[in-house]
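Computed from a prediction, not measured in an experiment: that's the story for all the values here.
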Amino acid sequence: MTTQERIAEPAMAPSVYLSLRQAVRPASYAHFLLAEDQERAGQLAAECEDLFFLTRELLKALGLAGILGVLPEPQSHPERLGLGFGPGFGDGDDRQAQLLGAYADAGLLWAKVVGSTMALARALLVRGDRDAVRRLAGFLAEAGEDGAATELKTALGQAVWAEHRDPLRDISNTMPPAAIGAAIHALRAVLLEVPEDYPDRNREVNRFLPPLAASVHAIMRAQQIAVPYGSRLEHIAGGGVAKYPDIVKLSLDEIAAEFEGLVNRPGNE
C-alpha cells in the first residue's frame, strides 16, 4: 500500500457526524426516483439536484477532515504526497485549524442535506408517493436525525388520515353493509400506512371499533344470526377494548371476520 493510499483510506471511516454510507443514502434514493419516472423527474428535479450538490459538498468536507485527522508529522512538502495542498498545509497549528474548519463545514452541510431531504420528501408527499417518504424518513432515523424523521412520519400519518377521513367520519352504530366494508378498509389502511409511532394511532383507531362492531351486531340480530361462541364482537361493541389499544389490529380483524362471514351467507351476496 502506498503512502497516499494509507493516508486516504481512513477518510472513509465514520466521522463524528455519520458514516459516508448514511450520508449518501438520501441522494442515492433521489437518483433512483429520477431514473424511475421521467415524468416525475421533471417535477422533482430541483429538489433532487439540490440534494446531489449538498451531498457532494458534504463528502468533500468529510474527506478533507479525514485526511487532516490522520496526516503524519508536519511535512515540509505536502504537495509531494499528491494531495494537491500547497505549502503550509503540514504546519501543526494550521492543520488543526483546517481540521476544525472541515468538521464545521461538514456539520453545516449535513444540516443542509437533512433540510434538502425534507424538502424532497414533502414534494413526494404532495404527489401521494408515501412509500418514498417512508423510506426517506427511515434514512434520516438511521442517521440519528430522529427529530426530522418524526416530522416526516407525522406528516405522512396526517396525509393517510386525511385520505380516509370520509369513511371514518361516517362510522356509527347503524351503518349499512357497504359503509361497514368501507370503514373496515379505511381502518386497515390507517394501521398499515400510518407509522406505528405516530401519536395515538392505535388509540384513535380503537375508538372507532365499538360503533363498527355494533353495526355488524345489529345486522346479525336483524337477520337472527347468532354470534359464534368465543366471538368478542359483543364485547367490542360494548366498549370492552377501550383500554387495550395495543391489540387494536386483532380487534379489527375479529370484526372484519364476522362481517365477511355475514356478507358471504347465502342470500346476502
Side-chain angles (χ1 to χ4, degrees), residues 40 121-138 149-269:
R40 177 165 54 192
R122 292 193 178 282
L124 290 166
L125 194 58
V126 170
R127 287 181 51 85
D129 197 342
R130 294 197 289 265
D131 285 340
V133 176
R134 191 175 291 107
R135 291 190 65 175
L136 289 174
T150 298
E151 185 176 338
L152 284 186
K153 290 178 182 180
T154 299
L156 181 62
Q158 290 171 343
V160 176
W161 279 109
E163 179 179 339
H164 299 288
R165 181 180 295 114
D166 288 344
L168 295 179
R169 186 170 50 202
D170 293 338
I171 292 179
S172 71
N173 295 339
T174 57
M175 291 187 292
I180 293 174
I184 290 173
H185 173 77
L187 290 172
R188 280 179 163 168
V190 168
L191 289 175
L192 178 65
E193 296 186 44
V194 174
E196 190 171 355
D197 54 356
Y198 182 87
D200 293 328
R201 184 199 70 167
N202 289 356
R203 192 174 302 279
E204 285 297 310
V205 172
N206 206 42
R207 71 184 182 86
F208 289 111
L209 299 188
L212 180 62
S215 287
V216 175
H217 192 213
I219 294 175
M220 295 177 72
R221 287 201 310 269
Q223 298 184 11
Q224 298 182 336
I225 301 172
V227 176
Y229 177 78
S231 172
R232 293 196 310 145
L233 185 67
E234 291 177 284
H235 179 67
I236 297 171
V241 297
K243 296 181 179 179
Y244 305 102
D246 291 342
I247 61 169
V248 62
K249 185 178 184 302
L250 175 62
S251 300
L252 178 59
D253 286 344
E254 290 192 52
I255 297 172
E258 296 293 351
F259 176 68
E260 288 164 5
L262 174 64
V263 297
N264 290 329
R265 286 175 63 87
N268 286 344
E269 295 90 342

Provide the closest heavy-atom pair for [X] versus [Y] in the form atom of the first, atom of the second, distance.
{"X": "A137", "Y": "A149", "value": "O-CB, 3.4 Å"}
{"X": "G239", "Y": "P210", "value": "CA-CG, 4.1 Å"}
{"X": "A226", "Y": "M220", "value": "O-CE, 3.8 Å"}
{"X": "Q158", "Y": "Y198", "value": "CG-OH, 3.4 Å"}

Problem set entry | salt bridge (Lys or Arg N to Asp or Glu O under 4.0 Å) involving E204 - partner list, sequence neighbours excluded |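 Partners of E204 under the salt bridge (Lys or Arg N to Asp or Glu O under 4.0 Å) test: R207.
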Problem set entry | Which residues share a side-chain hydrogen bond (donor to acceptor under 3.5 Å, both in side chains) with R201, sequence neighbours left out |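 If we apply the side-chain hydrogen bond (donor to acceptor under 3.5 Å, both in side chains) test to R201, skipping adjacent residues, there are no hits.
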For this session: For E163, enumerate each residue passing the side-chain hydrogen bond (donor to acceptor under 3.5 Å, both in side chains) test, keeping only those at least two apart in sequence or located in another chain.
Result: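 So E163 forms a side-chain hydrogen bond (donor to acceptor under 3.5 Å, both in side chains) with R130.
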Rounded to the nearest 0.5 Å, what separates atom [atom1] in [X] from atom [atom2] in [Y]?
{"X": "T174", "Y": "I219", "atom1": "OG1", "atom2": "CD1", "answer": "9.5 Å"}
{"X": "L125", "Y": "L152", "atom1": "CG", "atom2": "CG", "answer": "8.5 Å"}
{"X": "F208", "Y": "R169", "atom1": "CZ", "atom2": "CZ", "answer": "10.5 Å"}
{"X": "L191", "Y": "N202", "atom1": "CG", "atom2": "CG", "answer": "6.5 Å"}
{"X": "L156", "Y": "E151", "atom1": "CG", "atom2": "CD", "answer": "12.5 Å"}
{"X": "L250", "Y": "I255", "atom1": "CG", "atom2": "CD1", "answer": "10.0 Å"}

State, with a plain yes or no, whether a side-chain heavy atom of [X] is found less than 4.5 Å away from one of [Y].
{"X": "L187", "Y": "L212", "value": "yes"}
{"X": "D129", "Y": "V133", "value": "no"}
{"X": "E260", "Y": "I184", "value": "no"}
{"X": "P167", "Y": "M175", "value": "no"}

For this session: State which residue, out of H217, E258, E254, fulfils the side chain to side chain donor-acceptor pair (under 3.5 Å) condition with S231.
Result: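 Exactly one pass, corresponding to E258.
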For this session: Describe, in one word, how the ring planes of H164 and H185 are oriented to each other, choosing from parallel (under 30°), tilted (30 to 60°) and perpendicular (over 60°).
Result: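 Geometry flag for H185 against H164: perpendicular rings.
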Exercise. For L136 and L124, what are the C-alpha separation, side-chain angles and deciding distance, and is it a side-chain contact (heavy atoms from CB on, under 4.5 Å)?
Worked result: CA-CA 10 Å; L136 289 174; L124 290 166; 3.8 Å; yes
Exercise. What's the verdict on salt bridge (Lys or Arg N to Asp or Glu O under 4.0 Å) for R221 and E234, showing C-alpha distance, side-chain angles and the deciding distance?
Worked result: CA-CA 11 Å; R221 287 201 310 269; E234 291 177 284; over 6 Å; no
Exercise. Picking from L252, N206, L209, what satisfies side-chain contact (heavy atoms from CB on, under 4.5 Å) with I236?
Worked result: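 For I236, the side-chain contact (heavy atoms from CB on, under 4.5 Å) check succeeds only for L209.
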Problem set entry | Main-chain N/O of E193 paired to R134 side chain as donor or acceptor, under 3.5 Å |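 Side chain of R134 to backbone of E193, a donor-acceptor pair under 3.5 Å: yes, one is there.
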Problem set entry | Pair K249-D253, salt bridge (Lys or Arg N to Asp or Glu O under 4.0 Å): steps then yes or no | CA-CA 6 Å; K249 185 178 184 302; D253 286 344; 3.2 Å; yes
